[in-house]
2 protein chains.
Amino acid sequence: MNSNPLIPKELKHYFTLGLSIDCVVFGFDGEKLKVLLIERGDSPFKGYWALPGDLLAPEKDLNSSVNDVLNNLTGLNDLFFEQVETFGEVDRHPFGRVLTTSYYTLVKISDYELNPASFACEAKWFNMEDISELAFDHNKILNTCFDKLQTSIRIKPIGFELLPPKFTLTELQLLYEAILDVKLDTRNFRKKILSMEFLINTGDLQANVSHRPAKLFEFDEMRYNSIKEKGFSFEI
Amino acid sequence: MNSNPLIPKELKHYFTLGLSIDCVVFGFDGEKLKVLLIERGDSPFKGYWALPGDLLAPEKDLNSSVNDVLNNLTGLNDLFFEQVETFGEVDRHPFGRVLTTSYYTLVKISDYELNPASFACEAKWFNMEDISELAFDHNKILNTCFDKLQTSIRIKPIGFELLPPKFTLTELQLLYEAILDVKLDTRNFRKKILSMEFLINTGDLQANVSHRPAKLFEFDEMRYNSIKEKGFSFEI
DNA sequence: TGGCTTATTGTTTATTAAACAATAAGCTGT
DNA sequence: ACAGCTTATTGTTTAATAAACAATAAGCCA
């Protein structure tokens, strides 16, 4: 049962920590940026809204447990997470010493169904501005992850995971505006994003709209990935 | 002695983790970028070179323990660290389950004396290119921190901590070249760095050099800090 | 004073960002 | 068919920034 069989006696005291994983799942609904929260059905902080998170099992890798934790609580699955920061104030957890490593990801809300389970008695998307006091130090964690998201989107072309396979440039612009919380100039935005050449004009048009239909784009995955690795500067 | 008095029985199993802190101390000697390593005098990895690092005591905050860990092993003191990433592969430590949170900092080598202590039987500055196989997964950790350093220096004006209070523009350029591992155009570098207006020309000149003495600059701390917070783009 | 060493500076050209509004295309209802 | 509505699309001018490039300045020393 002890996961640390070789620990010298004098070090036993150091092997009493708990570590949790907290997931910040940002969602886009075509208009606003949201965050997925759960209502906790167990102590501590029973009844509070919180980031989906749970203790790391000693026999599991850290980074590869994130999806399990999220899946257990909300039903969401198979997401790509970015690790952000580990929080370790002594008194951040009322039960004892629990540090937590935070991660964020981005999803398209309509692609997923929420199925709260385990100690999550509810799971819900919240507008960023509607979030009040969360359990633990989760407000701080959320803010840190949001800052990181805003920085990242200027350096890497994240965002495509959040759109349908074929999308319009207007949809893409709305996504950037939602994440950065600014209004962008349409002409300049389009010039810039097209100049990066990871968008492909499919030739298809939007259907069933009562106005001029927009061109549908998809993205060039090869080129997108190579840019994503190198990074770029998206000052817009 | 148990630091987690309120843990429900069924969760005891989760509170058996160890967490260490690993410090990547980059140093600048006026010419090359170096890293501070210790030779481990204790098992595991006795005799190996390693990043200075130690277990986190359950009664101490994570971020504020970094300086203690480093000070214990090397005598260095009072540095500003940036947290980078937490590594948590199950088998990364031979004694059992130990995750590690990594941090980096930057120092001017000549400002510090090395005093290895505790299980560090040696402490030494290594050129980045002279580093071979380190203990644990420390090569991976070092690489991750180095990537982060290179990214950060393009976004924030780090670097001044590494220079004497009054320094020449050539010294500053050498620092950037050491960290980024590139050659920069002197005229463009000076224009760019001066246009940011956090450098103050002290009016003093370099002394005891057998060539045209350079002007000595210091930096405008107020302005430097405000830029550091907002971030900037140092594509150079 | 000539020679050595490093410091300092400016111009031209290319690229990128910013600001700004008129026209196009499909749909709807008449 | 067309007038009116809605959103999509596009280009130009100006300003700012980046890139490329080499001659002169200033102190020291012999």
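Every chain is numbered from 1, with letters handed out A, B, ... down the list of sequences.
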| said: Determine whether the aromatic ring centres of residues B/F81 and B/Y104 are separated by less than 6.0 angstrom. | reply: no
| field | Length of the line joining B/Q206:CD and C/dA7:C1', which is rounded to integer Å | value | 9 Å
| said: I'd like to know if B/R212 reaches the base of D/dA26 with its side chain such that a donor and an acceptor end up less than 3.5 angstrom apart. | reply: no
| query | Nearest-Å distance, NZ (A/K215) to C1' (D/dA8)? | reply | 9 Å
| note | The nucleotide from D/dT10, C/dA25, D/dT12 with an atom nearest the side chain of A/P213 is C/dA25
| C/dG10 phosphate, OP1 or OP2: any side-chain N/O from B/R187 under 4.0 angstrom? | no
| remark: Rounded to whole Å, the CZ-P distance (B/F189 to C/dT8) equals 12 Å
| note | Quick note, A/D185 side chain, CB onward, closest among C/dC20, D/dT6, D/dG27 is C/dC20
| request: May I ask you to say what A/S195 touches in the nucleic acid, namely base, sugar-phosphate or nothing, with a heavy-atom cut-off under 4.0 Å? | output: nothing
| task | Quickly work out the A/L194 CG to D/dG11 P distance and round it to whole Å. | result | 12 Å
| To the nearest 0.5 Å, how far apart are OG1 in B/T186 and NZ in B/K183? | 6.5 Å
| said: In this structure, how many angstroms lie between the P atom of D/dT10 and the CD atom of A/Q173, rounded? | reply: 14 Å
| To the nearest Å, how far apart are A/N188 CG and C/dA21 P? | 13 Å
| For A/F126, is the NZ or CZ atom of A/K124 found under 6.0 angstrom from the centre of its six-membered ring and inside 45 degrees of the ring axis? | yes
| note | Rounded to whole Å, the CG-P distance (B/L184 to D/dC21) equals 15 Å
| task | Report the residue (B/N208 or A/L169) whose heavy-atom-nearest nucleotide on DNA chain D is the more 5′ of the two. | result | A/L169
| message | If the cut-off is 4.0 Å, is B/S210 near the phosphate of D/dG27, judged by side-chain N/O to OP1 or OP2? | response | no
| query | For the atom pair CH2 (B/W125) and OH (B/Y112), what is the distance rounded to the nearest 0.5 Å? | reply | 9.0 Å
| query | Nearest 0.5 Å, what's the CG-CG distance between B/L169 and B/L199? | reply | 6.5 Å
| message | Just the rounded figure in Å: distance from C1' of D/dT10 to CD1 of A/I193. | response | 17 Å
| Is there a donor and acceptor pair, one atom on the side chain of B/K191 and one on the base of C/dT11, closer than 3.5 Å? | yes
| note | Nearest-nucleotide check on DNA chain C, B/L216 vs B/H211; residue mapping nearer the 5' end is B/H211
| task | Look at the side-chain N and O atoms of B/K192 and state whether any lies under 4.0 Å from the OP1 or OP2 oxygen of D/dT17. | result | no
| said: So if I take every side-chain heavy atom of A/L205 and compare against C/dA7, D/dT9, C/dG26, which nucleotide ends up nearest? | reply: C/dG26
